Amino acid sequence: MPRSMTDRSGGGVDYLLIAAVAVLLALGLVSMYSATHGTEVFVRFQKQIVWAVLGILLFVVVLLSPARFFHYSAYIIYAVALVPLLLVLPFGKVVSGNAGWFGVAGFGIQPSEFAKVATVIALARFVSDSTTSLRSFRDLGIAFAIVFVPWLLIFIQPDFGTGLVYWAFFLVMIFWAGADLVILLAFVSPVIAAVLSIFDLWMFLAFTMVLSVVFYLLRRNIGVALLFLVLNLSVGFTVQYFYDRLPEYQKARIAVFLDPSRSPTSAGYNVMQAKVAVGSGGLTGKGYLQGTQTQLRFVPEQWTDFIFCVPAEEFGFIGAIVILCLFGFVLHRGWRIARDAPFRFSSAMAIGITTVFFVHVFVNVGMSLGLLPVIGIPLPFMSYGGSFLMTTMIAAALLVHTALYNTRGE
């Protein structure tokens with residue numbers, strides 16, 4: 001939670017955060033050049049330069065905005081962001097199975113990325129309102145609806161990876177704003193129960209029993225504990241019922257999604273090649289433009305979801321650690337800005353943006369290392385994609401903007 005008005009710290013332009021973002025952006029361009037030069041897709045590197053310039057301009061525009069601009073215009077920004085999300089369903093084009101893109105002069109625009117930042121801003125405005133109480137089911141329902149509406153439109157496209165990010169920042173933001181731990185468990189536990197019911201029956205049953213005990217200890221109410229026991233058992237057995245009746249090919253897809261090594265020549269090919277690329281870099285790497293996995297294009301479309309493999313192979317363990325440390329610095333800075341922000345809105349917005357960055361970094365690097373399923377989560381500031389790059393620059397600028405006014409009382 002934010003500190004009190006009398007315990008302010010920070011303030012001024014956060015040049016270190018700006019520097020970290022600039023280095024990550026430069027490393028992304030360097031990695032993308034390595035992954036695309038000498039091929040027919042080199043045009044994507046050229047487009048990324050255009051996106052980077054636009055992203056820097058948007059960064060400056062956000063930084064120059066009035067102190068309370070985003071607080072006052074939060075709901076307007078949210079409403080404006082929902083319009084293209086609605087229009088993209090009937091009028092958008094399909095890219096990699098996702099009907100969530102507009103084609104503009106040879107460039108692709110993905111509204112779900114802009115809506116992500118807009119939703120963080122709108123949710124921050126609502127949870128920071130003096131009349132909002134997240135211990136009230138009514139207000140909690142409104143907070144849920146703010147996230148559910150854009151998530152549903154994105155789910156229909158379908159874009160499961162981006163949708164996952166929405167629920168991650170929703171849970172963190174309502175907890176940061178004072179929601180009860182029991183409420184958070186109520187949101188998360190059915191999802192975990194559903195996944196475990198597919199994996200292992202006994203793990204699922206053990207989870208539901210242990211969680212019911214936790215609910216009882218937190219509330220000292222046997223009725224609440226039994227309610228969540230019945231809820232999680234119902235969700236788990238329902239999911240298991242429908243899963244058992246899926247065609248075998250659909251079960252196989254789910255199995256590969258959870259464990260790509262089961263299909264190394266098809267769905268799991270990208271992950272297997274990405275692991276080889278990361279592992280073959282050794283301590284110091286093979287040298288810039290010298291990575292065999294990168295230069296021989298063994299990892300398909302490695303300039304997008306698997307961009308982390310490029311510097312990991314060419315600059316080795318040291319290069320990978322440098323990138324992770326830069327991201328770690330950005331995340332730590334974001335958390336400190338959220339902690340020190342004197343206003344509830346600024347604090348909630350900063351922690352929401354930091355959560356978005358964390359989920360993207362954690363999942364993307366996890367995918368590249370073969371530790372997490374491939375769900376199409378790009379790496380901030382580095383992966384190819386104009387909409388994503390511009391929105392991450394906007395998000396980073398919002399963190400710097402918050403830090404700038406930490407001590408001004410505006």
Side-chain angles (χ1 to χ4, degrees), residues 13-36 44-63 107-110 112-114 116-117 120 161-162 165 168-169 278 288 294 301-312 314-315 319-335 337 350 352-368 376-403:
V13 178
D14 194 333
Y15 292 107
L16 289 177
L17 178 56
I18 294 175
V21 169
V23 173
L24 286 169
L25 181 62
L27 288 173
L29 292 174
V30 167
S31 299
M32 192 173 299
Y33 176 83
S34 178
T36 61
R44 301 197 176 188
F45 169 74
Q46 296 170 321
K47 287 183 177 181
Q48 190 75 348
I49 294 178
V50 175
W51 295 127
V53 172
L54 291 175
I56 293 171
L57 292 176
L58 288 172
F59 187 100
V60 174
V61 169
V62 170
L63 201 56
F107 293 85
I109 303 295
Q110 192 175 13
S112 61
E113 294 296 344
F114 295 97
K116 184 163 54 183
V117 176
V120 169
T162 301
V165 179
F169 71 69
V278 173
Y288 187 54
T294 297
E301 299 191 12
Q302 58 189 330
W303 50 87
T304 55
D305 294 345
F306 292 97
I307 190 69
F308 182 74
C309 301
V310 179
E314 298 187 338
F315 302 111
I321 288 297
V322 168
I323 291 174
L324 292 178
C325 286
L326 286 168
F327 278 121
F329 177 82
V330 171
L331 295 174
H332 175 71
R333 213 69 170 183
W335 173 78
I337 291 170
I353 291 170
T354 303
T355 302
V356 170
F357 285 156
F358 172 79
V359 173
H360 273 275
V361 173
F362 181 79
V363 175
N364 182 275
V365 174
M367 291 190 316
S368 299
I377 296 283
L379 192 61
F381 312 111
M382 296 186 67
S383 290
Y384 172 74
S387 301
F388 179 67
L389 180 58
M390 287 192 293
T391 52
T392 52
M393 293 298 287
I394 291 172
L398 287 171
L399 288 180
V400 179
H401 186 270
T402 300

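Because the structure is predicted, anything quoted here is derived from the model rather than measured.
- Within the 4.5 Å cutoff, no side-chain heavy atoms of Phe306 are placed close to those of Leu379.
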Candidate pair Ile323 and Leu24, rule side chain to side chain contact (heavy atoms under 4.5 Å, CB included), full reasoning: CA-CA 7 Å; Ile323 291 174; Leu24 286 169; 4.3 Å; yes
Residue pair Leu326, Leu27: steps toward the side chain to side chain contact (heavy atoms under 4.5 Å, CB included) verdict: CA-CA 11 Å; Leu326 286 168; Leu27 288 173; 3.9 Å; yes
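- Proximity of a side-chain donor or acceptor of Ser383 to a complementary backbone N or O of Pro378 within less than 3.5 Å is not detected.
- No option in Phe381, Phe169, Phe327, Trp335 other than Phe381 meets the ring pair (Phe, Tyr, Trp, His ring centres under 6.0 Å) test with Phe357.
- Atom CD of Gln48 is separated from atom CE of Met382 by 10.5 Å, given to the nearest 0.5 angstrom.
- In this structure, OG on Ser31 lies 6.5 Å from CZ on Phe315, to the nearest 0.5 angstrom.
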Derivation and outcome, side chain to side chain contact (heavy atoms under 4.5 Å, CB included), residues Phe308 and Met367: CA-CA 10 Å; Phe308 182 74; Met367 291 190 316; over 6 Å; no
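- In this structure, Trp51 and Gly385 approach most closely via the heavy-atom pair CD1-C, 4.4 Å.
- For the ring pair (Phe, Tyr, Trp, His ring centres under 6.0 Å) test, no residue two or more places apart in sequence or in another chain qualifies with Phe329.
- Under the 3.5 Å distance criterion, the side-chain polar atoms of Tyr384 are left unmatched by any main-chain donor or acceptor of Lys47.
- Considering CG of Leu63 and CG of Leu58, their distance stands at 12.5 Å, rounded to 0.5 Å.
- Between Phe45 and Leu29 the shortest heavy-atom distance is CE1-O, 3.2 Å.
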Which pairs would a plain distance check flag for residues 392-399, meaning a side-chain donor or acceptor within less than 3.5 Å of a matching protein atom at least two apart in sequence or in another chain?
residue, atom, partner, partner atom, Å
Thr392, OG1, Phe388, O, 3.0
Thr392, OG1, Leu389, O, 2.7

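- Rounded to the nearest 0.5 angstrom, Phe114 CZ and Lys116 NZ are separated by 10.5 Å.
- Under the rule for a salt bridge (charged side-chain N to carboxylate O under 4.0 Å, His left out), the partners of Arg333 that lie at least two apart in sequence or sit in another chain are Asp14.
- Side-chain atoms of Asp305 do not come within 3.5 Å of backbone N or O of Asn364 as any donor-acceptor pair.
- The closest side-chain heavy-atom distance from Gln46 to Val50 is not below 4.5 Å.
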Worked check of side chain to side chain contact (heavy atoms under 4.5 Å, CB included) between Val361 and Val330: CA-CA 11 Å; Val361 173; Val330 171; over 6 Å; no
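- Across all their heavy atoms, Thr162 and Ile377 have their closest contact at N-CD1, 4.3 Å.
- For the atom pair Leu54 CG and Ser387 OG, the distance stands at 11.0 Å (nearest 0.5 Å).
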